[in-house]
Structures are given as structure tokens and as C-alpha cells.
Amino acid sequence: MTVAVNLKQVNEQIQQACLRSKRNVSDVTVIAVTKYVSVERAKEALACGIHNLAENRREGLLEKQTEIARDQAVWHLIGTLQTRKVKDVIGKIDYFHALDRLKLAEEIQKRMSDERLKCLIEVNVSGEESKHGLSIGELDSFLTRLADFPAIEVAGLMTMAPNTADTDLIRSVFRRLRELRDSIQERQLSYAPCTELSMGMSHDYPIAVEEGATFVRIGTALVGNEQKGS
Ligand SMILES: *Cc1c(COP(=O)(O)O)cnc(C)c1O
């Protein structure tokens with residue numbers, strides 16, 4: 001399938017989800033997750049009018065950027081980052097979706113010069129052991145501590161729903177993340193505008209949009225998965 005064909009499908013799904021939830025389509029940004037595909041396929045996505053690209057690892061990001069100029073896309077890093085690799089991605093990404101520990105905040109602070117990096121705090125809403133992210137209980141104090149890191153702007157929250165067919169469970173996870181986002185917004189912290197909700201992947205993005213996602217991270221359903229031959 002071409003990216004254009006997939007994108008049409010994705011846009012229709014998003015449109016319908018927005019209709020159901022009375023949201024504006026323009027409030028939802030599609031991020032193409034290119035971690036399973038070639039640079040050529042990523043370029044094809046850009047040619048279709050997609051502006052946002054995501055990789056989950058530093059290596060994949062750097063590989064894509066050997067052939068796609070820094071200013072040709074809005075770049076997202078959506079996977080956890082080892083502290084010692086922070087220096088390799090600073091200046092190369094616009095959003096970091098997996099802030100989940102102070103050590104990482106410290107390293108970002110150390111490596112950024114004057115600018116701020118837009119970060120999303122990853123929250124393990126479902127509480128699954130296999131998942132990265134802060135527990136809901138840790139979120140408040142973590143957020144408070146981030147006041148000490150002027151290089152970090154808390155742009156929003158990110159989560160991954162459980163991999164299940166139970167759509168009610170998936171929905172409850174997304175809804176909870178939105179409630180957490182809303183309560184942070186109410187604190188009106190200068191360093192935490194927290195407008196973004198990064199949630200929804202190939203199998204669950206329509207639910208995420210219904211529950212308020214502003215960033216959906218779509219890989220397989222949009223650019224495919226060349227490792228699996230789809
Ligand atoms: C791989 C990945 C995605 C996209 O997954 P698909 O199911 O292929 O859409 C989204 N978010 C994160 C954090 C990922 O690692």
C-alpha cells in the first residue's frame with residue numbers, strides 16, 4: 001500500500017472520531033512512526049504532506065537524518081533514551097515524548113544551551129510492568145521537581161495503552177491521561193503549558209482521538225512495517 005492510500009484511510013478515521021467527539025480535525029497531528037521502514041518510505045510520507053516524523057531510537061533518528069534535512073520535518077523521539085545518548089540527539093529533535101526520570105532531565109539541562117526542549121512526560125497509566133513511564137502516583141512530585149530545569153518545557157503527557165482487544169480498557173487509559181493533563185494545566189506552571197496528549201497507535205488511534213489526543217503516533221497503519229512485510 002502506498003503511504004498516500006494509508007493516509008487517506010487514517011485521515012478518514014480521524015475525521016470520524018472527531019465528529020463523534022465534537023473535536024476539530026486541526027487539533028490532531030499525525031506523527032508518522034518510521035522506525036520499521038526505510039528512509040525512502042519516510043520521504044514518501046513527507047511527499048504526501050506529512051510533516052511529523054518519529055523514531056523510537058537515537059540510531060534510527062540519526063539514520064533518517066542523514067538523508068532528510070533537519071528542517072524538512074518536525075522530529076519526534078518517542079522511545080526512552082539512555083542518559084549517555086542525550087548529547088547525540090539534542091538539537092536534532094523538536095519533541096521528546098519519553099521523559100520519565102530526573103537523571104534524563106539533568107542530562108538534557110546540561111546539554112541544552114539557551115533553548116528549551118519540548119518534552120512530554122511518559123506516564124504508565126495502565127501500570128503494566130513491561131511499560132516505561134512514571135506511575136500516576138509519581139507524576140505530581142516529578143512535575144514539581146522539573147521547575148529546577150529551565151531547559152525543559154513540559155509540552156504534554158504521553159502514554160501507551162495496553163495491547164489488548166478490550167477497547168473499554170484502552171479508552172479508560174486514554175481518558176485518565178487526559179484528566180492528568182487537565183489537572184496539570186490547571187496548575188498554570190510557566191514551564192508546563194502541558195497542552196499535548198500523545199496517545200494512540202495503529203490499532204487504537206481512533207479511540208485516542210475520541211479521548212482527546214493531540215498527537216497520534218502511527219507506524220504500521222500509515223507507513224507499514226517492512227520488517228514484517230506489510
Ligand atoms: C512503534 C511505536 C509506535 C507506532 O506503533 P504502530 O503500532 O506501528 O503504529 C507508537 N508509539 C511508540 C512509543 C512506538 O514505539
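Just so we're clear, the structure is a prediction, and the values are computed from it rather than from any experiment. As a basis for the values below, the full set of heavy atoms in this structure was taken, side chains included, without hydrogen atoms, waters or symmetry mates.
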Could you see if Leu169 belongs to whatever hydrophobic cluster contains Leu180? Use Ile, Leu, Val, Met, Phe, Trp, Tyr and a side-chain cutoff under 4.5 Å. no
Under a 4.5 Å cut-off applied to non-hydrogen side-chain atoms, are Asn124 and Ser135 in contact? no
Are the side chain of Arg178 and the backbone of Ala213 linked by a donor-acceptor contact shorter than 3.5 Å? no
Is there a donor-acceptor contact under 3.5 Å from the side chain of Gln72 to the main chain of Ala69? yes
Residue pair Ala4 / Cys48: nearest heavy atoms and the distance that separates them: N-SG, 3.6 Å
Do Glu210 and Arg23 sit within salt-bridge range, that is, some charged N less than 4.0 Å from a carboxylate O? no
Taking Trp75 as the fixed residue, which of Leu53, Val89, Ile31 is the one that meets the side-chain contact (heavy atoms from CB on, under 4.5 Å) rule? Leu53
Steps toward salt bridge (charged side-chain N to carboxylate O under 4.0 Å, His left out) verdict (Lys35, Glu59): CA-CA 10 Å; Lys35 67 186 184 195; Glu59 289 76 11; over 6 Å; no
Spell out, yes or no, whether Tyr95 and Phe149 are grouped together once hydrophobic residues are joined by side-chain heavy atoms under 4.5 Å, including indirect joins. no
Within 6.0 angstrom of Arg70 CZ, more than 12 heavy atoms from elsewhere: yes
Using a 3.5 Å distance criterion without hydrogens, assess whether the side chain of Arg41 forms a donor-acceptor pair with backbone atoms of Val223. yes
Heavy atoms of Ser202 and Gly219 approach each other most closely as OG-N, 3.7 Å
With a 4.0 Å cut-off on N to O distance, would you call Arg176 and Glu211 a salt bridge? no
Can any side-chain N or O of Thr29 pair as donor or acceptor with the backbone N or O of Asn52 at less than 3.5 Å? no
Look at atom CD of Glu40 and say whether more than 12 heavy atoms of other residues, nucleotides or ligands are closer to it than 6.0 Å. yes
Pair Ile184-Val154, side-chain contact (heavy atoms from CB on, under 4.5 Å): steps then yes or no: CA-CA 10 Å; Ile184 292 173; Val154 180; 5.5 Å; no
Tell me whether Asp166 is salt-bridged to Arg171, with the criterion being a basic N under 4.0 Å from an acidic carboxylate O. no
For a side-chain contact (heavy atoms from CB on, under 4.5 Å) check, start with the C-alpha distance between Ile68 and Val39, then their side-chain angles and the critical distance, and finish with the verdict. CA-CA 8 Å; Ile68 301 172; Val39 180; 4.2 Å; yes
Please tell me whether Leu197 and Leu134 are part of a single hydrophobic cluster in this structure, the criterion being side-chain heavy atoms less than 4.5 Å apart. yes
Closest approach of Ser190 and Pro193, non-hydrogen atoms and distance? O-CD, 4.1 Å
Any donor and acceptor pair, going by atom type alone, linking the side chain of Lys87 with main-chain N or O of Arg84 inside 3.5 Å? yes
Under-4.0 Å salt bridge between Glu106 and Lys110: no
Can you confirm whether the side chains of Gln185 and Thr195 place a donor and an acceptor under 3.5 Å from each other? no
Tell me yes or no: between the side chains of Thr214 and Glu196, is some donor less than 3.5 Å from an acceptor? yes
Count the heavy atoms of every other residue, nucleotide or ligand shown that sit under 6.0 Å from NZ of Lys118, and state whether that count exceeds 12. no
Answer yes or no: is there an ion pair linking Lys8 with Glu12, defined by an N-O contact shorter than 4.0 Å? yes
Measure from the side-chain N and O atoms of Glu122 to the backbone N and O of Asp100, and report whether any donor-acceptor pair falls under 3.5 Å. no
Is there a side-chain contact (heavy atoms from CB on, under 4.5 Å) between Leu7 and Ile50 once you walk through the steps? CA-CA 9 Å; Leu7 180 60; Ile50 287 172; 4.1 Å; yes
Can you see whether Glu128 engages Ser126 through a side-chain donor-acceptor pair at a distance of less than 3.5 angstrom? yes
Euclidean distance, Ile207 CD1 relative to Ile170 CD1, rounded to 0.5 Å: 4.5 Å
Looking at Gln227, is its backbone amide N or carbonyl O close enough to the side chain of Asn225 to form a donor-acceptor pair, meaning the two atoms are under 3.5 Å apart? yes
Do Leu120 and Ile90 belong to the same hydrophobic cluster, where Ile, Leu, Val, Met, Phe, Trp and Tyr are linked whenever their side-chain heavy atoms lie under 4.5 Å apart, directly or via other members? no
Report the C-alpha distance between Leu146 and Tyr191 in whole Å, list the side-chain angles of each, state the deciding distance to 0.1 Å, and finish with yes or no for side-chain contact (heavy atoms from CB on, under 4.5 Å). CA-CA 8 Å; Leu146 289 179; Tyr191 62 92; 4.0 Å; yes
Just how far is it from atom CG of Leu81 to atom NE2 of His132, taken to the nearest 0.5 Å? 11.0 Å
State plainly whether one hydrophobic cluster holds both Ile121 and Phe215, where clusters connect Ile, Leu, Val, Met, Phe, Trp and Tyr through side-chain heavy atoms under 4.5 angstrom apart. no
Taking Asp140 first and then Arg187, would you say they form a salt bridge - that is, a charged N and a carboxylate O separated by under 4.0 Å? yes
Take atom NE2 of His203 as the centre, draw a 6.0 Å sphere, and report whether it contains more than 12 heavy atoms from other residues, nucleotides or ligands. yes
Answer yes or no: does atom CZ of Arg116 have more than 12 heavy-atom neighbours from other residues, nucleotides or ligands under 6.0 Å? yes
Within this structure, what is the CD1-OG distance for the pair Ile78 and Ser198, rounded to the nearest 0.5 Å? 7.5 Å
Ignoring hydrogens and angles, state whether a donor on the side chain of Asp94 or His76 is under 3.5 Å from an acceptor on the partner side chain. no
Measure the CG-SG distance between Asp182 and Cys194 for me, rounded to the nearest 0.5 Å. 9.0 Å
Starting at CG of Leu99, measure out to OG1 of Thr80 and round the result to the nearest 0.5 Å. 11.5 Å
